[in-house]
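Below: the structure, in C-alpha cells.
Side-chain atoms are counted along with the backbone in the values below, which use heavy atoms only and exclude waters and symmetry mates.
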Amino acid sequence: PELRARYIVGRATLRALLGGELDMAPQDVTIGRGRRGRPQLPGHDLDFNVSHTAGVALFGMTRTRRIGVDIEHGERALNVEGVARKFMTARERTMLAALDPDPRRRALLRLWTCKEAMSKATGDALSAPFRRLDVDLDGLRLADGPAPYAPARMRLVPVEVPDGFLATAALWHEQDPPAAL
C-alpha cells in the first residue's frame with residue numbers, strides 16, 4: 001500500500017508539473033511510450049524524466065534536448081567492489097580504489113547517478129553499456145563512450161537535492177550539438 005500511494009502521488013505530481021509547463025490541466029496530459037518504453041509526451045517538444053528513492057522524487061524537464069535524471073540516497077549500503085567490477089571502467093575502478101571506504105562509496109554513487117541518468121536520457125535504461133561509459137568526476141563530464149554516448153553530445157549536471165542524497169541530470173543531443181553545449 002505504501003508503494004502504491006507513493007506511485008499515485010508521484011504520477012499526480014508529474015502530471016501537475018507537465019500540465020503547468022504545457023498550460024493544460026493535469027488530467028489532460030497524455031503520457032505515452034517511446035523507444036524501448038521511454039515515457040514521452042506525444043505531440044509536444046517537452047522532454048521529461050523522473051527518478052525516486054527513499055521517499056524523495058526528482059523530476060526533470062527540458063525542451064532543447066533529451067533528459068535523464070537519477071537520485072540516490074547517499075547513505076545507501078552497497079557492495080562497492082562488486083558494483084565497480086560490473087559497471088565501471090578500468091579508469092574509474094582505479095580512481096575508486098585509491099579512496100578511503102566512505103568516499104569510495106559516495107564516489108561510486110555519483111558515478112552511478114551519472115551513468116543511470118545518461119542511460120535514461122538515451123532510452124537505453126539498464127541495457128546501456130555502463131562499463132564503456134567513462135565518467136570523469138573532476139568537472140563531472142563524460143570522458144569517453146560508444147555511440148550514442150559521444151562526450152560532445154552529453155552534458156552531466158549535478159542537481160541540488162536535500163542533504164543525504166546525490167543526483168545528476170544528463171542532457172543528451174541526439175544529433176551533433178550546436179557549438180556551445
Side-chain angles (χ1 to χ4, degrees), residues 34-40 47-53 56-181:
R35 186 177 60 163
R36 295 189 180 136
R38 187 178 187 275
Q40 65 179 22
D47 194 60
F48 70 96
N49 199 241
V50 179
S51 181
H52 50 82
T53 188
V56 173
L58 175 63
F59 301 88
M61 292 184 279
T62 182
R63 290 185 187 271
T64 59
R65 55 197 70 138
R66 298 262 304 261
I67 189 168
V69 296
D70 190 52
I71 186 168
E72 296 291 338
H73 194 284
E75 298 305 316
R76 180 178 175 185
L78 52 113
N79 176 347
V80 174
E81 287 73 25
V83 172
R85 193 172 36 257
K86 187 170 182 178
F87 296 105
M88 302 301 146
T89 66
R91 189 194 61 76
E92 291 165 340
R93 289 191 308 273
T94 299
M95 179 273 300
L96 290 168
L99 299 174
D100 289 333
D102 193 56
R104 179 181 312 134
R105 184 183 55 75
R106 291 187 63 79
L108 180 84
L109 285 170
R110 172 59 75 192
L111 288 168
W112 182 260
T113 65
C114 292
K115 292 180 184 217
E116 179 77 11
M118 287 187 288
S119 74
K120 291 171 76 177
T122 64
D124 289 340
L126 294 178
S127 68
F130 288 105
R131 286 193 68 181
R132 296 176 59 203
L133 301 178
D134 192 26
V135 175
D136 183 357
L137 292 181
D138 293 328
L140 198 62
R141 65 182 187 84
L142 177 62
D144 192 27
Y149 298 90
R153 293 184 179 177
M154 193 70 71
R155 180 175 174 211
L156 299 173
V157 181
V159 179
E160 288 188 37
V161 291
D163 283 344
F165 293 87
L166 296 166
T168 303
L171 301 168
W172 178 55
H173 280 279
E174 292 182 76
Q175 306 299 321
D176 286 332
L181 176 65

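- Using a 4.5 Å cut-off on side-chain heavy atoms (C-beta onward), L111 and L96 make contact.
- Closest of all the heavy-atom pairs between A170 and M154 is CB-SD, 4.0 Å.
- Contact between L109 and L166 at its shortest, heavy atoms only, is CB-CD1, 3.6 Å.
- Between the side chain of S51 and the backbone N or O of L58, no donor-acceptor pair lies under 3.5 Å.
- Here R155 contributes atom CZ and I67 contributes atom CD1; the two are 10.5 Å apart, rounded to the nearest 0.5 Å.
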task: Could you please spell out the steps behind the side-chain contact (heavy atoms from CB on, under 4.5 Å) verdict for E174 and T122?
output: CA-CA 8 Å; E174 292 182 76; T122 64; over 6 Å; no
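- Partner of E92 under the salt bridge (charged side-chain N to carboxylate O under 4.0 Å, His left out) criterion, out of K115, R131, R110, R104: K115 alone.
- Pairs engaging residues 141-161 under the ring-ring contact (aromatic ring centres under 6.0 Å, His included) rule: none recorded [sequence neighbours left out].
- Remark: side-chain polar atoms of W112 are not paired, donor with acceptor, to backbone N or O of E72 under 3.5 angstrom.
- Using a cutoff of 4.0 Å between basic side-chain nitrogens and carboxylate oxygens, E75 and R105 are scored as salt-bridged.
- Between A121 and G68, the shortest heavy-atom distance links the atoms CB-N, 3.6 Å.
- Here the side chain of R132 pairs no donor or acceptor atom with the backbone of G145 at under 3.5 angstrom.
- Rounding to the nearest 0.5 angstrom, the gap separating the CG atom in D134 from the OG1 atom in T89 is 3.5 Å.
- Between the CD atom in E81 and the CG atom in L108 there is a gap of 9.0 Å [rounded to 0.5 Å].
- Residues L156 and L142 share a closest heavy-atom pair of CD1-N, 3.7 Å.
- You'll find the side chain of V161 stays beyond 4.5 Å of the side chain of V56, heavy atoms only.
- Although no hydrogens or angles enter the test, the distance criterion places no donor-acceptor pair under 3.5 Å between the side chain of R141 and the main chain of D136.
- Distance SG/C114 to CG/L133: 10.5 Å, rounded to 0.5 Å.
- Taking NZ from K120 and CH2 from W172, the interatomic distance works out to 15.5 Å, rounded to the nearest 0.5 Å.
- For the residue pair S119 and D124, no side-chain donor N or O sits within less than 3.5 Å of a side-chain acceptor on the partner.
- When all heavy atoms are compared, the tightest approach of F48 to P39 is CZ-CB, 3.6 Å.
- Of the residues R38, R63, R65, the one that meets the side-chain hydrogen bond (donor to acceptor under 3.5 Å, both in side chains) test with D47 is R38.
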task: Start with the C-alpha distance between T53 and R76, add both sets of side-chain angles, then the distance that settles side-chain contact (heavy atoms from CB on, under 4.5 Å), and finish with yes or no.
output: CA-CA 10 Å; T53 188; R76 180 178 175 185; 6.0 Å; no
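- Judged purely by atom type and a 3.5 angstrom limit, R93 has no side-chain atom pairing as donor or acceptor with the backbone of F87.
- In this structure, the separation between CG on L171 and CE on M118 is 12.0 Å, given to the nearest 0.5 Å.
- Counting only distance, with no hydrogens or angles, the side chain of N49 and the backbone of V69 share a donor-acceptor pair below 3.5 Å.
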